[in-house]
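Remember, predicted model here, so these are calculated numbers, not experimental data. Note on naming: letters A, B, ... go to the chains in the order of the sequence lines (proteins, then strands), and numbering restarts at 1 for each one.
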Protein chains: 4
Amino acid sequence: MDFNNSIPIYMQIINELKKDIITGKLSPGEKLPSTRELAIKYSINPNTSGRIYKEMEREEITFTKRGLGTFVTESESKIEQIRNDMAKDLINDFVKGMTELGYTNEMLISIIKKESEEK
Amino acid sequence: MDFNNSIPIYMQIINELKKDIITGKLSPGEKLPSTRELAIKYSINPNTSGRIYKEMEREEITFTKRGLGTFVTESESKIEQIRNDMAKDLINDFVKGMTELGYTNEMLISIIKKESEEK
Amino acid sequence: MDFNNSIPIYMQIINELKKDIITGKLSPGEKLPSTRELAIKYSINPNTSGRIYKEMEREEITFTKRGLGTFVTESESKIEQIRNDMAKDLINDFVKGMTELGYTNEMLISIIKKESEEK
Amino acid sequence: MDFNNSIPIYMQIINELKKDIITGKLSPGEKLPSTRELAIKYSINPNTSGRIYKEMEREEITFTKRGLGTFVTESESKIEQIRNDMAKDLINDFVKGMTELGYTNEMLISIIKKESEEK
DNA sequence: GTGGTCTAGACCACT
DNA sequence: GTGGTCTAGACCACC
C-alpha cells in the first residue's frame, strides 16, 4: 500500500478488496482474513483493519458472524451492483473530465479504440 | 461554485483555472485576478488565493511579475502539455480501473459509444 | 537559530534540515520531529513547520506516512543528488560571479588555496 | 531582466550596472542613462529606475549633478573597493556553503581546478 | 495595488 | 498524536 498518497490507506485497501470480490478472487461467502492478519499483511495498524471491515460492512459488501470472523456477502446481485457502481463512477469521471477539457464524443471513441489496440 | 468537501478548495479552484486556460477562456499572457479579487470571487481567504497562485506558478502554468500580478503562461506548448497530462491521467484511470473490474476493451468501446449517443 | 531577515524563515530551516540530512546528522528513513515539535524548537508557528515539511516532500527529500509523521527519504541516491545539486549551485554562482568581476581561473585557484590555508 | 525571480528587479539591475563599472564597460565619471532611458531599456517602471540611482548614490557608486544627470564615481579606489566587496561575498558564500556540505579544503581546490580546465 | 510571509487559532481525517 | 486545510488578520517589499 502507498502510504504517501492523498487517498486514505483504508480506502485503498477497501478498493483492493472490492476488486478481489468483483473479479472472483474472493468468492461469495468466503471468509476474509482476521483484522490482525490483515494488519500484518498490509503492515498497517489493527485499528485501520477494523475500520476497513466496519466500513465494508456498512456498505453491505461483507457481514460479520460474531466469534467467527468477517465474510464476503453471499448476494451475487449485491456484488454485481458494486461492480456497476464502480464502473459508473469511472465512466462519469472520464466523460465529464474529458468533455471539460474540450474533447468531443468522437475523440473519446477514437482515443479508447487506440488505447485498446496498443494493449 | 460549491465545493466538494473531500477535495481541498485550493485544488478545486486550481483545476477550474486550469480548465479555463486549456479551453481558452483565459488566454496566454492574460492577467489573472489579484489574490484579493480571487478571494472575493470564491469567498475564500486571501491566503488561500495566494496558495493557489503559488502552486500554479510552481507548475509553470502561471508566472508572477513582482508587484504587478499573476499571468497565464505565454507558452502555448506548456498549455498543450497540461491538457495532454490531464487527459492522459483521465484515460489511464478509466482504462486501468475498468480493466481491473473485468471489462474488456470491446466493452469499453461500446460503453463510450453508448454514452456519446445519450448526450 | 537566528534568522536572516531577507530569506524566508521556512527556507532557512529547510536548508538547515537538508544540511543535516546530507551530513548524516539525520539518517535515511529517520523520523523528523512532528510539526508541533519543530514549531517549538525554532519558535515558529505550526503552520510554518507544516509548510516546511510539505515543501520538502515536494522535493522528495522526505515522505509522509499519514497519521504517523514525516520521514527522511530512504533513497541514498536522492540524498547524494541533493548534495550534488547544492554543490553545483554554489560552484556555478562562485565561478560565474567571479568571472564576471574579471577574475581569471588562475586567480580563483590561488584565492581558494589562500582561503584554505587560513582556516 | 528576469521578473520571475526572488531577487528584486532593482537589485538585479544594480548588480548589472556594478559589473559594467567594475569591468570598465562604464568608465569613471561617465554619464549613466536618464531614469526614463533606463526604464525604457529594461522595460521597467520609472519609479524603479529612480530607486536604482538612489540606492547606488547611497552606496557612493554614482553621484548626481542636478539638471545634468547621474554619473559613475570618479574614485578608482571606490571602484576597486566594490570589486573587492563583491568578490569577498562570493568567496565567503562559496567556502562556507561547501564546508557545510562536508567538502574539505582539498576538495574545493581540486573542484576549482577541474572547473577551470573545462572552460 | 501586487504577491509573499508569518502568527494565531481552529477543525479535520487518518493512524 | 500526525499532517493538512482554512480563516482572520497583520506586515512587508516591490512596482
Side-chain angles (χ1 to χ4, degrees), chain A residues 1 3-13 39 42-52 55, chain B residues 3 5-13 31-39 42-57 62-71, chain C residues 3 5-13 31-39 42-57 62-71, chain D residues 1 3-13 39 42-52 55:
Chain A
M1 281 302 104
F3 282 86
N4 183 12
N5 192 312
S6 64
I7 301 169
I9 287 176
Y10 82 94
M11 274 290 200
Q12 296 180 49
I13 296 177
Y42 288 110
S43 357
I44 56 175
N45 191 298
N47 289 332
T48 307
S49 332
R51 178 165 191 176
I52 287 166
E55 172 66 15
Chain B
F3 297 114
N5 268 342
S6 70
I7 301 171
I9 290 176
Y10 79 95
M11 274 292 192
Q12 296 182 51
I13 296 178
K31 186 178 178 308
L32 293 167
S34 78
T35 51
R36 286 151 183 91
E37 285 167 352
L38 199 70
Y42 287 111
S43 336
I44 56 175
N45 189 286
N47 270 334
T48 306
S49 341
R51 181 174 190 174
I52 287 166
Y53 283 160
K54 217 183 161 205
E55 172 66 15
M56 291 181 79
E57 184 169 359
T62 59
F63 62 97
T64 301
K65 289 193 194 168
R66 300 167 60 92
L68 296 178
T70 299
F71 301 80
Chain C
F3 296 116
N5 269 342
S6 70
I7 301 171
I9 291 175
Y10 79 96
M11 274 293 191
Q12 296 181 52
I13 296 178
K31 186 179 178 306
L32 293 167
S34 78
T35 51
R36 286 150 183 91
E37 284 167 351
L38 199 71
Y42 287 112
S43 336
I44 55 175
N45 189 286
N47 271 333
T48 306
S49 339
R51 180 173 193 175
I52 287 167
Y53 283 160
K54 216 183 161 206
E55 171 67 13
M56 291 181 79
E57 185 168 358
T62 58
F63 63 97
T64 300
K65 289 192 193 170
R66 301 166 59 89
L68 296 178
T70 299
F71 301 80
Chain D
M1 281 301 103
F3 280 86
N4 182 12
N5 193 312
S6 65
I7 301 169
I9 286 177
Y10 81 95
M11 274 289 200
Q12 296 180 50
I13 296 177
Y42 288 110
S43 358
I44 56 175
N45 191 297
N47 287 333
T48 307
S49 332
R51 179 167 191 175
I52 288 166
E55 172 66 15

Handout entry: Any strand: nucleotide that pairs with F:dC14 via Watson-Crick or wobble, under 3.5 Å
Key = E:dG1
Handout entry: Stepwise side chain to side chain contact (heavy atoms under 4.5 Å, CB included) check, C:Thr35 with C:Tyr53
Key = CA-CA 8 Å; C:Thr35 51; C:Tyr53 283 160; 3.7 Å; yes
Can you tell me if the side-chain N/O atoms of [X] get under 4.0 Å from OP1 or OP2 in [N]?
X       : N      : result
C:Thr64 : F:dT2  : no
C:Thr35 : F:dT2  : no
C:Ser34 : F:dG1  : no
B:Tyr10 : F:dC6  : no
B:Lys65 : F:dC14 : no
C:Thr48 : E:dT7  : yes

Practice task
Test for a donor-acceptor pair under 3.5 Å between the base of E:dG3 and the side chain of B:Arg36, counting only N and O atoms.
Solution key: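 Per atom types, the contact qualifies.
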Completion exercise
Comparing B:Gly67 with C:Ile7, nearest DNA chain E nucleotide closer to 5' gives the residue B:Gly67
Given atom [atom1] of [X] and atom [atom2] of [N], what is their separation to the nearest angstrom?
X       : N      : atom1 : atom2 : value
B:Ile9  : F:dT7  : CD1   : C1'   : 10 Å
B:Ile52 : E:dT2  : CD1   : P     : 16 Å
A:Met11 : E:dT15 : CE    : P     : 11 Å
B:Phe63 : E:dT2  : CZ    : C1'   : 14 Å
C:Leu38 : E:dT7  : CG    : P     : 12 Å
C:Phe71 : F:dG1  : CZ    : C1'   : 12 Å
B:Tyr42 : F:dT7  : OH    : P     : 14 Å
C:Arg66 : F:dG1  : CZ    : C1'   : 15 Å

With respect to the side chain of [X], which nucleotide from [options] is positioned closest?
X       : options               : result
A:Arg51 : F:dC15, F:dT7, E:dT15 : E:dT15
C:Asn45 : E:dT7, F:dC14, E:dT5  : E:dT7
B:Asn47 : E:dT5, E:dG9, E:dT2   : E:dT5

Practice task
Could you pick out which residue, D:Pro8 or C:Leu32, lies toward the 5' side of DNA chain F when each is mapped onto its nearest nucleotide?
Solution key: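 The residue mapped nearer the 5' terminus is C:Leu32.
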Handout entry: Closest-nucleotide ordering on DNA chain F, the 5'-leading residue of C:Lys31 and C:Lys54
Key = C:Lys31
Practice task
Kindly determine whether B:Thr48 and B:Ile13 satisfy side chain to side chain contact (heavy atoms under 4.5 Å, CB included), including the steps that lead there.
Solution key: CA-CA 10 Å; B:Thr48 306; B:Ile13 296 178; 5.7 Å; no
Rounded distance (nearest 0.5 Å) linking atom [atom1] of [X] with atom [atom2] of [Y]:
X       : Y       : atom1 : atom2 : answer
B:Ile9  : B:Ser43 : CD1   : OG    : 9.5 Å
B:Lys31 : B:Thr62 : NZ    : OG1   : 11.5 Å
B:Lys54 : B:Tyr10 : NZ    : OH    : 12.0 Å
A:Ile44 : C:Leu68 : CD1   : CG    : 11.0 Å

Exercise for the section: Give one of base, sugar-phosphate or nothing for B:Thr70, where a contact means two heavy atoms less than 4.0 Å apart. Expected result: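 Sugar-phosphate, backbone atoms only, no base.
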